[in-house]
Amino acid sequence: MAHFLPVLSSFILVFSFLPLLNKIRKNRSVSGLSLLMMTFGVAQSTYFIAFNLYFERFYMALPFVVTGILSGSILYYFARYNAERKERVQLLCMLAFSLIPFTLLANPVLDTAKVLTWLTFVGLVMSSVRVMPQTYKTIRSGDISNLSARYFSLQFVAGICGLFAEFAMATQSIAHILTFVMILLTNAAQLGCIQYYKMRPNTV
C-alpha cells in the first residue's frame with residue numbers, strides 16, 4: 001500500500017495537470033493563473049523530494065517529482081508566452097528566494113537529517129499557502145479562463161492518496177501528513193471558487 005498509493009497519486013497528478021497545460025497552450029496565455037502557486041509548487045516539491053530521497057522513501061518522492069516538473073512547465077510557458085525580460089528575472093529571483101533555506105545544508109554544525117526534517121515544515125508552509133494566492137486572484141478577477149476544475153479535483157484525489165500512503169509508511173512524517181491535509185482543504189476551496197464563477201460569470 002505504501003508503494004502503490006504514491007505511484008497512483010503520481011498518475012493522478014499527471015492527469016490533473018494535462019487539462020491545465022492544454023488550456024495554457026491553446027490560449028497561449030497564463031492569465032488568471034497565480035504564478036506564486038506554481039513557484040511554491042516547485043519549491044515545496046524540492047524540499048519533500050530531498051527529504052524522501054535522503055531517508056530512502058523513494059516511492060513517496062514520486063508525487064513531488066511530478067508536481068515539481070509540471071509546475072515548472074507552467075512557469076516555462078509563462079516565460080515563453082507572457083513574460084517580459086524584467087518579469088523573467090523576477091520569476092528567477094522568486095524561485096531562488098523560495099529555495100534559500102536549502103543553504104542550511106552547507107552548515108557543517110547542523111545535522112543533515114534534522115535540517116531536512118525542518119525543511120519539510122518549510123515545504124508545509126508553502127503547500128499551505130500556495131493555493132491561497134490563486135483563490136484570491138480568482139475572487140478578485142473572476143477570471144477562470146485558464147483554470148481547470150479537473151486540475152483541482154484531481155489534486156484533491158491525489159492528496160487523499162498521498163495522505164493514506166503516508167499513514168501506511170513504517171515511519172510517518174508529521175509534515176507530510178499536514179501537507180496532504182492542507183492540499184485537501186486548499187484545493188476544495190479553489191474548486192468552490194471555480195464553481196461559483198461558473199454559476200455567476202464575471203460581468204465586468
Quiz item: At their closest point, which heavy atom of A61 faces which heavy atom of I49, and how far apart are they?
Solution: O-CG1, 4.1 Å
Quiz item: Is it true that Y59 and F4 have ring centroids separated by less than 6.0 Å?
Solution: no
Exercise. Return the minimal non-hydrogen interatomic distance between S71 and F17, and the atom names on each side.
Key: OG-CZ, 3.7 Å
Quiz item: Does any non-hydrogen side-chain atom of Y77 lie less than 4.5 Å from one of R28?
Solution: no
Practice problem: Please check if L92 and M94 belong to a single hydrophobic cluster, counting links between Ile, Leu, Val, Met, Phe, Trp and Tyr side chain heavy atoms closer than 4.5 Å. | Solution: no
Exercise. Rounded to the nearest 0.5 Å, what's the gap from CZ on F156 to CZ on F152? Could you check?
Key: 13.5 Å
Quiz item: When you measure from the side chain of T103 to the backbone N and O of I100, does any donor-acceptor pair fall under 3.5 Å?
Solution: yes
Quiz item: Just by distance, do the side chain of S127 and the backbone of G123 share a donor-acceptor pair under 3.5 Å?
Solution: no
Practice problem: Mind checking the CZ-OG1 spacing from F51 to T117? Nearest 0.5 Å is all I need. | Solution: 4.5 Å
Exercise. Supply the atom-to-atom distance R80 CZ to S73 OG, rounded to the nearest 0.5 angstrom.
Key: 12.0 Å
Quiz item: Does a side-chain heavy-atom distance below 4.5 Å link H176 with F64?
Solution: yes
Practice problem: Might you confirm whether atom CZ of F102 has over 12 heavy atoms from other residues, nucleotides or ligands at distances under 6.0 Å? | Solution: yes
Self-check item: Min side-chain heavy-atom separation I69-V65 under 4.5 Å
Solution: yes
Exercise. Would you give the length of the straight line joining atom CD of Q155 to atom CD1 of I160, rounded to the nearest 0.5 angstrom?
Key: 12.0 Å
Quiz item: What residues, two or more places apart in sequence or in another chain, satisfy side chain to side chain donor-acceptor pair (under 3.5 Å) together with Q44?
Solution: none
Exercise. Output the distance between atom CD1 (I174) and atom OG1 (T179), rounded to the nearest 0.5 Å.
Key: 11.5 Å
Quiz item: Do T186 and Q190 have side chains that get closer than 4.5 Å, going by heavy atoms?
Solution: no
Self-check item: Shortest non-hydrogen contact from L99 toward Y47
Solution: CA-OH, 3.5 Å
Practice problem: Find out if a path of hydrophobic residues (ILVMFWY) with successive side-chain heavy-atom gaps under 4.5 Å connects L110 to L119. | Solution: yes
Practice problem: Is it possible for you to say whether V125 and L163 belong to one hydrophobic cluster, with membership spreading through side-chain heavy-atom contacts below 4.5 Å? | Solution: no
Exercise. Work out which heavy atom in I12 is nearest to a heavy atom in L154; give both atom names and the distance.
Key: CG2-O, 3.2 Å
Quiz item: So which heavy atom on T46 is nearest to which on V42, and how close?
Solution: OG1-O, 2.8 Å
Self-check item: L95 vs L75 side-chain heavy atoms within contact, under 4.5 Å
Solution: yes
Self-check item: same_hphob_cluster(F97, L91) at 4.5 Å side-chain heavy-atom cutoff
Solution: no
Quiz prompt | CD1-CG distance between I183 and L178, expressed to the nearest 0.5 angstrom | solution = 11.0 Å
Quiz item: Is there a side-chain contact between P6 and F58, using heavy atoms and a 4.5 Å cut-off?
Solution: no
Quiz item: So do the side chains of V181 and L185 get within less than 4.5 Å of each other, counting heavy atoms only?
Solution: yes
Quiz item: Looking at R57 and E166, what are the two nearest heavy atoms and their distance?
Solution: NH2-OE1, 2.8 Å
Exercise. Kindly indicate whether the side chain of F167, heavy atoms from C-beta on, has any atom under 4.5 Å from the side chain of L5.
Key: no
